[in-house]
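To start, the structure under review is shown below, and the notes come after it.
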Amino acid sequence: MTSKHSDAERANELRTRLADANYRYHVLDAPDIPDAEYDALMRELEAIEIAHPHLRTPDSPTQRVGAAPSREFGEVRHAIPMLSLANAFSDDEVQDFARRIRERLPGRELRFSVEPKFDGLAISLRYEDGVFVQGATRGDGETGEDVTANLRTIKAIPLRLRGSGWPRVLEVRGEVYMPRAGFEKYNTAARASGGKIKPLVNPRNAAAGSLRQLDPRITAKRPLAFFAYSVGEIEGAELPATHSATMRQLREWGFPVSDLVDTAAGVDGCLDYFRRIGARRDALPFDIDGVVYKVDDLAAQRELGFVGRTPRWAIAHKFPAQEQTTTVEAIDINIGRTGAATPVAKLAPVFVGGVTVTNATLHNADQVARLDVRAGDTVIVRRAGDVIPEVVSVVFDKRPAQTHAWKMPTHCPVCGSTIVRDEGEVVARCSGGLSCAAQRVQALFHFASRRAMDIDGLGERYIEDLCDLDYVHSVADLYKLTLDDLLEMKRRADERDGSTPETVKAGKIATKWAENLVEAIAQSKHTTLERFLYALGISDVGEATAKALARWFGGLDALMAATPDDLTQVPDVGPIMAAHIDTFFAEKHNREAIAQLRAAGVEWKESVPEREACGVLAGKTVVLTGTLVALTRDEAKARLEGLGAKVSGSVSKKTSFVVAGAEAGSKLDKAQELGIEVWDESRLAEFLRAQA
Ligand code: IVH
């Protein structure tokens, strides 16, 4: 197959095959060949075209990128102006729109084409004899910019029409947009580039910015897509009589038409569509900012005509905006239940995503630095669906003079303890633990849990009530609770919740619960040092570490006096954990809480330090990866730690073995690379059974 004839044939075959694959992928959403095969066919075609340049055609898929950068875009005068749509922001405004149509077309039954309002950039595509010849932006509606070279790089745009029967000249209009997944992927890479690539602000700006690149090679790298939604100039053939049939025809000719496009009867059908699409808005793979209703009958459209620059036959029904501009009054931090310190922007109230927003999360200190957001700044705030509002970007042009870069405070605004951020960690935390009111419920819940102080009957709901109603401020307060306190607390909680079952039986049940709880609290005073250490909730100190610390030091005072260096002597205590332990005991509030607990009668038997390794897995470091079936990750971790192992999150030369569940990924690869022993879940189960 080396003759010129067969090369030409093969090139044609490849072009058809590639255009077909493209159509299946972008229009039918039903790809039929894997990416690798597509790439291989593409390379084969490129090779033929390089060897025989005369076989290269302008509509060849190899020609999507190739044009040299231009210095400016040419102008394109639209044969038919590209107009815009009037907006409706309420059901009433949609009713008015329909009423105006009924007045002009009395007695006519109204069917509408109902469509998403894509949030991208309007574009016009001109085909002559079925070949894409020119593409333009909307511009001022009369004249746009010639962005043909950039549009050619978008695979969803056909370079040659499919099928037959197309007009000699066909101008298709639609929206170029950036799918959310592509936007996220691009931004993830941009954030990892250390400032080399600038993140994109939102998918709409991203689409517009990408199309306005003078170098099509840049556009080609942006994940852009296209939906057709109308027809402009046509010459040499008739189109169907309705808009919806025209859209079906465009689809057959190779244009992507969203499968959310539908038809609806009357205003009720339109409003129903608005609600159905609204409910799906956040789950769609692309941004939309409303829906569009268009009178479906094209003859009726012509009769209705235009007012000014908008058609009478169509309207955009907008969703509440998900982004708004406002100013940052201050940047505070919020301490979560686990002590995580999250920077929060306090905003001048702004109506966005259907609610008034006064706070927006800034996620963490890195994000604040990345955005460079400061008190006084004007910012864009986004609230999509039920997602918490966030600051998207700063409008730097509006930054007032004399602002200061934000820094994470050194102390917790709730309890005054130091805020620490470990190396390599994104999250900063309040080290107050036990004594921080923000962390109280979580700290008490952990303190009372079965493997810690084991206070039976003190569930999370009661802990919340005890905290909310001010009976307990610290763990030591638990030991001051009397039977009367508990009964009163329960009565007040029931009253507050509007559930006051004042029956004799309910009273008896409450009394029994309170008696049992008082007893359980009293019992819990007699504990072991390892349980007590675990109960303190020191960051990263699980049961195994608590046990190792208890054995190593024998008593609490020796442990509290230990330096970080002393601590790293303990088997499996690394420098980070040593720092956590050291910070915890250095914190005045924590020392006070411990003193109060001891004063309340919490006690254990101290022993002589036992400094040799303990447990069958003592000294071993294990990594869990993939999905375990019979045990949860936490259970497996606890069991292994209970046997003296250190369970680590990352594989290194020091790893003793890796337990790999289903779909284990990079950690398994790394273990294999380092020649580290790998156990599957059944081997782990067998081992644990043998130790039980
Ligand atoms: S039809 C004569 N349909 O909204 C009006 N426009 O203000 C022709 N848009 O510039 C436009 N989705 O960029 C139409 N399904 C849709 C649309 C849509 C988004 C944009 C388009 C246009 C603007 C109208």
Side-chain angles (χ1 to χ4, degrees), residues 333 335-343 364-366 407-436 438-439 442-443 446-447 452 475 529-530 532-595 609 611 613 618-623 637 641 644-655:
I333 55 170
I335 306 295
R337 283 166 55 120
T338 58
T342 308
N364 53 55
D366 288 351
K407 270 220 222 67
M408 179 64 81
T410 52
H411 291 85
C412 171
V414 180
C415 71
S417 305
T418 44
I419 289 181
V420 283
R421 177 174 170 187
D422 295 322
E423 230 178 271
E425 286 275 330
V426 176
V427 177
R429 287 180 195 282
C430 160
S431 60
L434 288 179
S435 52
C436 180
Q439 301 172 63
Q442 181 102 338
H446 174 77
F447 184 83
V475 281
L529 179 56
E530 61 181 86
F532 182 74
L533 289 176
Y534 174 62
L536 292 177
I538 307 166
S539 264
D540 277 358
V541 175
E543 282 174 275
T545 311
K547 186 176 194 169
L549 290 168
R551 288 209 179 178
W552 189 267
F553 291 100
L556 183 61
D557 296 317
L559 168 59
M560 287 174 72
T563 64
D565 277 348
D566 296 338
L567 289 164
T568 49
Q569 303 298 308
V570 181
D572 296 329
V573 173
I576 291 182
M577 203 188 294
H580 285 160
I581 299 168
D582 185 57
T583 317
F584 183 89
F585 288 121
E587 198 57 68
K588 186 167 142 258
H589 306 94
N590 291 335
R591 298 179 85 97
E592 277 168 11
I594 291 168
R611 303 224 157 155
K620 301 255 191 251
T621 302
V622 182
V623 174
K637 180 166 185 268
E641 283 176 347
K646 173 181 171 169
V647 177
S648 161
S650 57
V651 177
S652 74
K653 276 188 290 194
K654 290 194 190 148
T655 308

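- Scored by the side-chain contact (heavy atoms from CB on, under 4.5 Å) test, Ala544 finds Glu641 as partners (sequence neighbours excluded).
- Partners of Phe584 according to the ring pair (Phe, Tyr, Trp, His ring centres under 6.0 Å) rule, which considers only residues two or more places apart in sequence or in another chain, do not exist here.
- For the atom pair CH2 of Trp552 and CG of Leu567, the computed distance is 10.5 Å after rounding to the nearest 0.5 Å.
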Under 3.5 Å, sequence neighbours excluded: what are the donor-acceptor pairs made by side chains of residues 408-420?
unit_1	atom_1	unit_2	atom_2	d
Ser417	OG	His589	ND1	3.3
Thr418	OG1	Ser431	OG	3.1
Thr418	OG1	Glu587	OE1	3.1

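- Considering only residues two or more places apart in sequence or on other chains, Asp557 meets the side-chain hydrogen bond (donor to acceptor under 3.5 Å, both in side chains) condition with Arg598.
- Residues passing the side-chain hydrogen bond (donor to acceptor under 3.5 Å, both in side chains) test with Glu543 are Arg451, sequence neighbours excluded.
- Ser652 pairs by the side-chain contact (heavy atoms from CB on, under 4.5 Å) definition with Lys654, Thr655, not counting sequence neighbours.
- Applying the side-chain contact (heavy atoms from CB on, under 4.5 Å) test to Ala593 and every residue at least two apart in sequence or in another chain returns Leu434.
- Looking only at distances, no side-chain donor or acceptor of Asp582 sits under 3.5 Å from a matching main-chain atom of Ala579.
- Here Asp422 pairs with His580 under the side-chain hydrogen bond (donor to acceptor under 3.5 Å, both in side chains) rule; sequence neighbours left out.
- Contacts of Phe532 classified as ring pair (Phe, Tyr, Trp, His ring centres under 6.0 Å), with partners at least two apart in sequence or in another chain: Trp604.
- With rounding to the nearest 0.5 Å, the separation of CD1 in Ile335 from CZ in Arg429 is 10.5 Å.
- Scanning for side-chain hydrogen bond (donor to acceptor under 3.5 Å, both in side chains) contacts around Arg421 gives Asp366, with sequence neighbours left out.
- For the atom pair CD of Glu530 and CG of Leu549, the computed distance is 10.5 Å after rounding to the nearest 0.5 Å.
- Atom CD1 of Ile581 sits about 11.5 Å away from atom CG of Asp566, to the nearest 0.5 Å.
- Every residue two or more places apart in sequence or in another chain that forms a side-chain contact (heavy atoms from CB on, under 4.5 Å) with Ser648 is listed here: Thr621, Val623, Ser650.
- Summarising the geometry, atom OG1 belonging to Thr583 is positioned 10.0 Å from atom CD1 belonging to Ile538; distances are rounded to the nearest 0.5 Å.
- Glu425 meets the salt bridge (charged side-chain N to carboxylate O under 4.0 Å, His left out) test with no other residue; sequence neighbours excluded.
- Heavy atoms only, all atoms of each residue included: Gln439 and Cys430 are closest at NE2-SG, 3.2 Å.
- In plain terms, the two heavy atoms of Val427 and Ala340 that are nearest each other are CG1-CB, 3.6 Å.
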Using side-chain contact (heavy atoms from CB on, under 4.5 Å), reason through Phe585 and Leu536 one step at a time and then give a plain yes or no.
CA-CA 10 Å; Phe585 288 121; Leu536 292 177; 4.1 Å; yes
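- Val622 approaches Ala645 most closely through the heavy-atom pair CG2-CB, 3.9 Å.
- Between Phe447 and Ala452, the shortest heavy-atom distance links the atoms O-CB, 3.4 Å.
- Note that CD1 of Ile333 and CG of Asn364 are 12.5 Å apart. Values are rounded to the nearest 0.5 Å.
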